[in-house]
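This report refers to the structure that appears directly beneath it.
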Amino acid sequence: MASGGQPIVSTVPITALVDRCTAMTARHRRLFELLGAWAMDDPDAARQRWYATAAHRHAWHAELWDRRRPTIPVESSAGSEPAEATPPDDVDERRRWYTEVLAALIADTAALADGVDPELDPGTLRVTRLVAADLDELAATAPS
């Protein structure tokens, strides 16, 4: 029982957390690289600004997930390639693709947060909340 007589809620097993942190690090790092390049070559100023902002946030998120990864002696079974499909080359299709990727990241981050016991793993819960706030803001500020 947890403090206050409450039963302990199941939380993400530590080996699964290694995989999830590894995968999230890779996803955010890939988005940082893509969006940084897009910010330089998109002809639309609003999208350039949005991509630049997003690139900085994804770089920070990759660092957060990398630091959050448990340092136990176990190899991650998460693949090195993120799950997102190949981004389009067409500059006008990139915004649509990225908004879909954002929606998937928002859902995956929420699912991870839902599986974390706040007393047993407050660090992971804090990372999910920080990342989720940024992702929500990026989705809300998408240029048309």
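In what follows, residues are counted from 1 in the order of the sequence shown.
Here CG of Asp136 is found 4.5 Å from CD1 of Ile106. Values are rounded to the nearest 0.5 Å. Interatomic distance, CH2 of Trp60 versus CG of Leu130, reported as 4.5 Å (0.5 Å rounding). Annotation: the span from Tyr51 atom OH to Met40 atom CE amounts to 13.5 Å, rounded to 0.5 Å. Separation of atoms CZ (Arg57) and CG (Asp134) is listed at 4.5 Å; rounding is to 0.5 Å.
Shortest non-hydrogen contact noted between Val18 and Thr22 is O-OG1, 2.8 Å. Nearest approach of Leu17 to Val12, heavy atoms of both residues: N-CG1, 3.8 Å. Nearest heavy atom pair, residue Leu34 against residue Trp97, reads CD1-CH2, 3.8 Å. Nearest heavy-atom pair, Ala113 versus Leu125, reported as atom, atom and distance to 0.1 Å: O-CD1, 4.0 Å. Between Ala39 and Ala52, the shortest heavy-atom distance links the atoms CB-N, 3.7 Å.
Heavy atoms of other residues, nucleotides or ligands lying less than 6.0 angstrom from CZ of Arg126 number 12 at most. The local environment of CG in Asp89 is sparse, with at most 12 non-hydrogen atoms from other residues, nucleotides or ligands closer than 6.0 Å. Environment of CZ in Arg67: crowded, with over 12 heavy atoms of neighbouring residues, nucleotides or ligands closer than 6.0 Å.
Between the side chain of Thr109 and the backbone N or O of Ala132, no donor-acceptor pair lies under 3.5 Å. With Thr99 contributing its side chain and Arg96 its backbone, the two residues share a donor-acceptor pair below 3.5 Å. Between the side chain of Asp42 and the backbone N or O of Gln48 there is no donor-acceptor pair closer than 3.5 Å.
Side chains of Leu105 and Leu31 form a contact here, defined as non-hydrogen atoms less than 4.5 Å apart. Looking only at side-chain heavy atoms (C-beta outward), Met24 and Asp108 come within less than 4.5 Å of each other. Inter-residue side-chain proximity for Leu64 and Val131 is flagged as met; some heavy-atom pair is nearer than 4.5 Å. Considering only heavy atoms from C-beta on, Arg94 stays 4.5 Å or farther from Arg47 through its side chain.
Ring to ring, Tyr98 and Trp50 are close: their centroids are under 6.0 angstrom apart.
No continuous path of hydrophobic side-chain contacts links Phe32 to Val127 [ILVMFWY only; heavy atoms under 4.5 Å].
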Between Arg95 and Asp44, does a salt bridge (charged side-chain N to carboxylate O under 4.0 Å, His left out) hold up when you go through it step by step? CA-CA 11 Å; Arg95 188 200 62 80; Asp44 181 87; over 6 Å; no

Please determine whether side chain to side chain contact (heavy atoms under 4.5 Å, CB included) holds for the pair Thr53 and Leu35, giving the CA-CA distance in whole Å, both sets of side-chain angles, and the decisive distance to 0.1 Å. CA-CA 9 Å; Thr53 298; Leu35 299 172; over 6 Å; no

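For the pairing with His58, the side chain to side chain donor-acceptor pair (under 3.5 Å) check across His28, Arg30, Arg29 returns one residue only, His28. Of the residues listed (Thr124, Thr128, Thr25), the one engaging Arg68 in a side chain to side chain donor-acceptor pair (under 3.5 Å) is Thr124, and it is the only one.
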